[in-house]
Chemist: 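Shown below is the structure under consideration.
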Amino acid sequence: MYPEFVSICVQDPRLHQDDLWHTHVDYEICLHTNSMCFRKKTSCVRRRYSDFVWLRHCLERNALIIELPKLPPWNPFFSLKNKEQVSKRMKGLQEFLESVLQNPFLLSDSRLHLFLQSDLSIPRIERCALGKTRYTVAEAIQLSKSGYYNSEDKTSCDSDCESSASSGLGSSIDTKTRDNTVPFLHLSEVDL
């Protein structure tokens with residue numbers, strides 16, 4: 001029998017155009033594990049910096065006696081053009097997740113699993129974790145495509161925004177898809 005492992009990688013930052021003046025950056029989070037704690041053994045989702053802030057806040061509320069790792073600092077001037085900034089942020093996000101995944105108490109939080117292995121938006125993760133959807137946490141993870149996160153919730157500029165004029169990247173939007181061995185059912189059709 002092989003020793004248990006969990007490997008997490010934060011990579012592939014992408015700029016998304018929210019509207020004429022606002023953009024945000026998201027990152028691919030890839031998880032590979034043989035741990036029985038996880039429903040899927042491999043998964044990739046896309047999350048933005050503000051999603052990590054939300055996750056840390058949730059974990060902090062549940063883990064009052066555990067000191068959580070810090071996230072990389074908020075930077076109002078974050079730019080994909082600055083390779084050092086991008087690299088530093090991705091490294092910080094990855095170190096945050098690696099530290100969280102080493103704590104068995106934190107691994108019991110269903111929102112962490114939905115964050116890492118489902119394509120649900122943050123409000124839907126909240127509803128699912130509270131049992132306010134027609135699907136369970138396990139079903140949400142199993143029925144999610146293992147590909148890329150697609151935010152259903154547009155918000156105004158948050159901590160990982162930059163103006164499209166300064167970025168020079170315009171509206172480069174993710175169009176990749178991945179094969180998935182699990183039949184895909186779009187959860188927004190299920191939980192209405």
Chemist: Which value, rounded to the nearest 0.5 Å, describes the distance between Phe96 atom CZ and Leu71 atom CG?
Modeler: 5.0 Å

Chemist: Test of understanding: with side chain to side chain donor-acceptor pair (under 3.5 Å), list the residues that count as partners of Glu126, not counting sequence neighbours.
Modeler: Trp54

Chemist: Using side chain to side chain donor-acceptor pair (under 3.5 Å) as the criterion, list what pairs up with Asn62, not counting sequence neighbours.
Modeler: Asp109

Chemist: Of all residues at least two apart in sequence or in a different chain, which pass the side-chain contact (heavy atoms from CB on, under 4.5 Å) check with Pro13?
Modeler: Val25, Tyr27, Leu80, Val86, Met90

Chemist: If you round to the nearest 0.5 Å, how far is NZ of Lys132 from SG of Cys128?
Modeler: 12.5 Å

Chemist: Ignoring hydrogens, what is the shortest heavy-atom contact between Ser144 and Lys40? Give both atom names and the distance.
Modeler: O-NZ, 2.9 Å

Chemist: Tell me whether Lys83 at atom NZ has more than 12 heavy atoms from other residues, nucleotides or ligands lying less than 6.0 Å away.
Modeler: no

Chemist: Tell me, yes or no, whether the heavy-atom count around Glu84 atom CD, taken from other residues, nucleotides or ligands under 6.0 Å, exceeds 12.
Modeler: no

Chemist: Does a side-chain N-to-carboxylate-O contact under 4.0 Å join Arg46 and Asp12?
Modeler: yes

Chemist: Applying side chain to side chain donor-acceptor pair (under 3.5 Å), name anything that partners Glu98, two or more places apart in sequence or on another chain.
Modeler: Gln94

Chemist: Please round to the nearest 0.5 Å and tell me the distance separating atom CD of Gln11 and atom CD of Glu28.
Modeler: 4.5 Å

Chemist: Of all residues at least two apart in sequence or in a different chain, which pass the side-chain contact (heavy atoms from CB on, under 4.5 Å) check with Ser108?
Modeler: none

Chemist: Enumerate the salt bridge (charged side-chain N to carboxylate O under 4.0 Å, His left out) contacts for residues 60-73, please, sequence neighbours excluded, ordered by first and then second residue.
Modeler: Arg56-Glu60

Chemist: Rounded to the nearest 0.5 Å, how far apart are CG of Asn34 and CD of Glu4?
Modeler: 6.0 Å

Chemist: Please check this pair: side chain of Arg47 against backbone of Phe115, looking for a donor-acceptor N/O pair closer than 3.5 Å.
Modeler: yes

Chemist: Suppose we call two aromatic rings close when their centres sit under 6.0 Å apart. Are His32 and Phe5 close by that rule?
Modeler: yes

Chemist: Taking the side chain as every heavy atom from C-beta outward, state whether Leu116 and Val45 have any pair of such atoms under 4.5 Å apart.
Modeler: no

